[in-house]
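Below is one structure, written out as structure tokens; comments come after it.
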Amino acid sequence: MKNQRQNLIMQIVKDENIGTQEELREALKRHGMKVTQATVSRDIKELSLVKTIGSDGNYKYSLPALKKDIAEQNNGIFGIISDAVVSVDHALNTVVVKCHTGMAQAVCAKLDKLGLDNVVGTLAGDDTIFILMRTEKDASHMAEELRSSIIS
């Protein structure tokens, strides 16, 4: 739910002139999200939203350049790491991500920063990442999401 909400926030900030937390909260409500001011404030911090001056001279929330690149690629969360990943599979509640040699730790760090739902923990070697999920269903969903989003 958190990732879905934050992806929606990135899209709203990209498409609309949102200048306050209250405006962002109302925009999320229009999109069917039930959020509090505290949730919006936390999401703004986690997404590193910045205030910039719009063409009308008013301040508005914007995404930092890196977040804009991520948001525009593959629904916003996996574009930056797609070149490093070779394959994705899962067994029970563990997702196994194979990467090009030497790239697993960097990819794992990026995945950790995303704050993905239902991830218990991650472990990276030289070319393999293990993602421990809460349930087998979570692992299956994560593996499918990773395969469809980051493997070209």
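Side chains included, hydrogens not; waters and symmetry mates left out as well; all remaining heavy atoms used. FYI, the numbering just counts along the sequence from 1.
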| query | Okay, side chain of K98, backbone of V88: is any donor-acceptor separation there less than 3.5 Å? | reply |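 No.
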
| query | Under 3.5 Å, side chain of E145 to main-chain N/O of H141, donor-acceptor pair present? | reply |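 A pair under 3.5 Å: no.
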
With the 4.5 Å side-chain cut-off for hydrophobic clustering, are [X] and [Y] part of the same group?
| X | Y | answer |
| --- | --- | --- |
| V97 | F130 | no |
| V119 | L132 | no |
| L47 | V40 | yes |
| I9 | I44 | yes |
| V96 | I129 | no |

| field | Stepwise side-chain hydrogen bond (donor to acceptor under 3.5 Å, both in side chains) test for Q11 and D15 | value | CA-CA 6 Å; Q11 191 62 47; D15 295 342; 2.7 Å; yes

Supply the atom-to-atom distance [X] [atom1] to [Y] [atom2], rounded to the nearest 0.5 angstrom.
| X | Y | atom1 | atom2 | result |
| --- | --- | --- | --- | --- |
| D43 | L8 | CG | CG | 10.0 Å |
| K51 | N58 | NZ | CG | 10.0 Å |
| C108 | I131 | SG | CD1 | 7.0 Å |
| M33 | R5 | CE | CZ | 7.0 Å |
| E46 | R42 | CD | CZ | 7.0 Å |
| L49 | L24 | CG | CG | 7.5 Å |

| Heavy atoms from other residues, nucleotides or ligands near NZ of K137 exceed 12 (cutoff 6.0 Å) |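 Atom NZ in K137 is not packed in, count stays at 12 or less.
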
What's the shortest heavy-atom distance between [X] and [Y], and which atoms?
| X | Y | answer |
| --- | --- | --- |
| Y61 | T20 | CE1-C, 3.7 Å |
| T36 | R25 | C-CD, 3.8 Å |
| A139 | T94 | CB-N, 3.9 Å |
| G125 | A104 | O-CB, 3.4 Å |

[X] side chain near [Y] side chain, heavy-atom distance below 4.5 Å:
| X | Y | result |
| --- | --- | --- |
| H100 | V86 | yes |
| L111 | T122 | no |
| L146 | V95 | yes |

| Option among I18, L28, I12, N17 that satisfies the side chain to side chain contact (heavy atoms under 4.5 Å, CB included) test with E23 |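 Output: one option passes, namely I18.
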
| request: Tell me, please, which residues at least two apart from Q21 pass side chain to side chain donor-acceptor pair (under 3.5 Å). | output: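 Counting only residues at least two positions away or on another chain, Q21 forms a side chain to side chain donor-acceptor pair (under 3.5 Å) with Q37.
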
| Hey, is K60 close enough to E16 for a salt bridge, meaning N to O under 4.0 Å? |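 E16 and K60: not salt-bridged.
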
| query | Under 3.5 Å, is there a donor-acceptor pair linking the side chains of E136 and N93? | reply |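 No, no side-chain donor-acceptor pair sits under 3.5 Å.
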
